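This structure is a prediction, so every number in the text was calculated from the model and none was measured. These values consider heavy atoms only, across backbone and side chains, with no hydrogens, waters or symmetry-generated copies. Just so you know, ligand 1 is whichever comes first in the structure, and atom 1 is the first atom listed for that ligand.
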Amino acid sequence: MQASDHNVTILAIESSCDETSAGICRDGEILSNIIASQKVHEQYGGVIPELASRAHMQHIVPVTDQALKKAGVLLTDIDAIAFTRAPGLIGSLLVGSQFAKSLSLALNKPLIPVHHMQAHVLANLISEPKPAFPFLCLTVSGGHTQIVLCRSPLDMKVIGETIDDAAGEAFDKSARLLGLPYPGGPLIDRHAATGDATRFSFPEPRIEGLDFSFSGLKTSILYFLKNAGKSHIYKEQFLASPEEQQQFINDNLADICASVQHRIISILLNKLKKAALTTGIREICLAGGVSANRGLRAAFEQLGKEQGWNTYIPAFEYCTDNAAMIAITGYYKYLAGEYISDLSVTASARSEW
Ligand code: KG4
Ligand code: ZN
């Protein structure tokens with residue numbers, strides 16, 4: 001049957017990292033988006049791949065069941081099964097892709113392999129108002145930092161990306177240096193809200209073109225803390241004892257968080273501004289888990305006003321990892337005939353588009 005003469009219903013599965021998610025999209029409208037987060041990693045200060053895979057195995061059936069029930073959809077109503085094929089943790093991806101393939105075989109429905117980063121960008125097409133094409137999207141997550149030029153739903157080009165750490169990693173690693181638990185991004189956000197961002201100054205890296213770098217910032221924060229704020233420069237010996245360092249952090253946490261956050265945001269937005277000026281595009285989107293950051297959202301909107309952009313940020317539940325963004329991408333791929341019945345398709349940890 002052609003897409004035009006009946007509703008198109010997509011079941012989507014996302015399992016690239018530490019969130020197990022299933023969602024249903026009908027004719028471009030999200031009917032459900034169920035997300036099971038994995039708390040088990042908090043105590044280790046980062047995602048443990050083996051534990052993530054095991055948790056996905058426990059969550060995937062109940063999460064899918066809930067997504068179907070909430071949407072009021074039966075498995076037999078589904079036209080195709082979209083799943084995150086790449087990139088991500090290979091064990092996590094394998095759980096989702098094997099599950100999707102098993103459903104495809106059992107129901108005799110086609111599969112739609114989806115690129116996770118493409119889906120983060122298309123989260124901007126879930127709710128109104130939607131950006132007009134072409135648009136630019138700054139995608140900032142725990143694993144990636146990219147500026148994407150999007151000409152149509154399935155025509156995207158990465159025009160800038162990080163050469164080392166992702167923006168989310170910059171937040172999480174800074175938080176770790178401050179003794180905050182994983183994931184530290186939301187905690188830096190919270191402390192920064194009451195801090196003075198001009199109190200401490202961290203260097204902005206000089207990287208050519210539209211690429212980003214965050215590893216120098218991490219080193220600078222490390223030395224800054226080891227010197228209890230007296231110097232950013234590594235000398236033969238650091239200036240502060242461990243006790244002095246801890247006292248310094250305790251006394252200045254909000255100001256340090258605000259200053260670190262301010263620098264991460266300026267690194268991101270200076271490149272986004274450059275990308276907008278270079279391409280002449282004024283439809284500008286944010287995407288990815290870090291776009292939940294209140295400081296980034298406010299600075300992005302402010303820059304948009306100054307530059308005359310139309311700005312877009314997906315609702316919070318579509319910013320962090322979720323199946324709704326896989327479902328909307330699956331929907332556009334289905335309309336374009338980009339679905340397969342070949343069960344030999346395999347998950348990939350690598351991020352090539
Ligand atoms: O997109 P996402 O959910 O997963 C990946 O694909 O990586 O992004 C997770 C990242 C983590 O690094 C987390 O610390 C960061 O997003 N994050 C935040 C905030 N909320 C999540 N970073 C700063 N401020 C926040 N409010
Ligand atoms: Zn993600």
Side-chain angles (χ1 to χ4, degrees), residues 12-21 23 33 35-39 41-42 45-47 49 52 56 83-89 92-93 96 114-124 137-146 148 161-162 165-178 180-193 195 197 214 217-218 257-269 285-300 313-326 328-329 349 351 353:
I13 307 290
E14 153 66 30
S15 70
S16 62
C17 189
D18 60 343
E19 245 94 33
T20 318
S21 185
N33 180 42
I35 303 169
S37 299
Q38 304 178 359
K39 294 273 169 235
H41 309 288
E42 267 171 26
V47 177
H56 282 306
F83 69 99
T84 307
R85 190 186 81 80
L89 299 171
S92 292
L93 289 166
V114 169
H115 193 286
H116 183 83
M117 298 311 294
Q118 184 175 26
H120 268 304
V121 174
L122 295 188
N124 280 286
C137 183
L138 172 66
T139 313
V140 276
S141 73
H144 297 269
T145 299
Q146 299 181 328
V148 179
E161 63 188 325
T162 183
D165 290 348
E169 269 178 295
F171 270 106
D172 295 340
K173 288 179 178 175
S174 305
R176 195 169 183 167
L177 292 172
L178 292 166
L180 299 172
Y182 178 87
L187 295 168
I188 294 205
D189 187 357
R190 195 182 324 144
H191 291 293
F214 290 99
L217 175 65
K218 187 188 67 186
C257 287
S259 302
V260 168
Q261 178 170 297
H262 172 77
R263 179 51 75 221
I264 295 174
I265 292 170
S266 82
I267 293 173
L268 292 170
L269 294 187
C285 303
L286 268 190
V290 179
S291 53
N293 183 271
R294 284 171 292 168
L296 176 59
R297 294 169 89 96
F300 172 69
I313 311 176
F316 178 74
E317 66 171 314
Y318 306 136
C319 282
T320 50
D321 287 348
N322 68 89
M325 67 183 193
I326 307 300
I328 194 86
T329 309
S351 80
W353 286 49

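- No more than 12 heavy atoms of other residues, nucleotides or ligands sit less than 6.0 Å from atom CZ of Arg176.
- Using a 4.5 Å heavy-atom cutoff, the side chains of Ser21 and Asn33 are in contact.
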Exercise answer, ligand 1 polar atom pairs (N/O) under 3.5 angstrom:
from: ligand 1; atom 1: 1 (O); to: Gly289; atom 2: N; distance (Å): 2.9
from: ligand 1; atom 1: 1 (O); to: Asp321; atom 2: OD1; distance (Å): 3.4
from: ligand 1; atom 1: 3 (O); to: Asp321; atom 2: N; distance (Å): 3.2
from: ligand 1; atom 1: 4 (O); to: Asp321; atom 2: OD1; distance (Å): 3.4
from: ligand 1; atom 1: 4 (O); to: Asp321; atom 2: OD2; distance (Å): 3.2
from: ligand 1; atom 1: 6 (O); to: Asp321; atom 2: OD1; distance (Å): 3.1
from: ligand 1; atom 1: 6 (O); to: Asp321; atom 2: OD2; distance (Å): 3.2
from: ligand 1; atom 1: 7 (O); to: Gly142; atom 2: N; distance (Å): 2.7
from: ligand 1; atom 1: 7 (O); to: Gly143; atom 2: N; distance (Å): 3.4
from: ligand 1; atom 1: 8 (O); to: Gly142; atom 2: N; distance (Å): 3.4
from: ligand 1; atom 1: 12 (O); to: Gly168; atom 2: O; distance (Å): 3.4
from: ligand 1; atom 1: 12 (O); to: Asp172; atom 2: OD2; distance (Å): 2.6
from: ligand 1; atom 1: 14 (O); to: Asp172; atom 2: OD1; distance (Å): 2.6
from: ligand 1; atom 1: 14 (O); to: Asp172; atom 2: OD2; distance (Å): 3.4
from: ligand 1; atom 1: 14 (O); to: Gly185; atom 2: N; distance (Å): 3.4
from: ligand 1; atom 1: 24 (N); to: Gly185; atom 2: O; distance (Å): 3.3
from: ligand 1; atom 1: 24 (N); to: Asn293; atom 2: ND2; distance (Å): 3.0
from: ligand 1; atom 1: 26 (N); to: Asp189; atom 2: OD2; distance (Å): 2.8

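- Of all heavy-atom pairs spanning His191 and Cys257, the tightest one is CB-SG, 3.6 Å.
- Here the Zn ion (ligand 2) has protein N, O or S atoms under 2.8 Å from it, and they come to 3.
- Annotation: the span from Leu180 atom CG to Asp172 atom CG amounts to 10.5 Å, rounded to 0.5 Å.
- Applying the side-chain contact (heavy atoms from CB on, under 4.5 Å) test to Ala119 and every residue at least two apart in sequence or in another chain returns Val114, Met325, Ile326, Thr329.
- Here the closest heavy-atom approach between residue Asn293 and residue Leu296 is recorded as OD1-N, 2.8 Å.
- Judged purely by atom type and a 3.5 angstrom limit, Asp189 uses its side chain to pair as donor or acceptor with the backbone of Arg294.
- Evaluation of the side-chain contact (heavy atoms from CB on, under 4.5 Å) rule for Ala287 yields His120, Asn124, Cys137, Thr139 as partners, not counting sequence neighbours.
- When every heavy atom of Ile13 is checked against every heavy atom of Gly96, the shortest pair comes out as CG2-CA, 4.0 Å.
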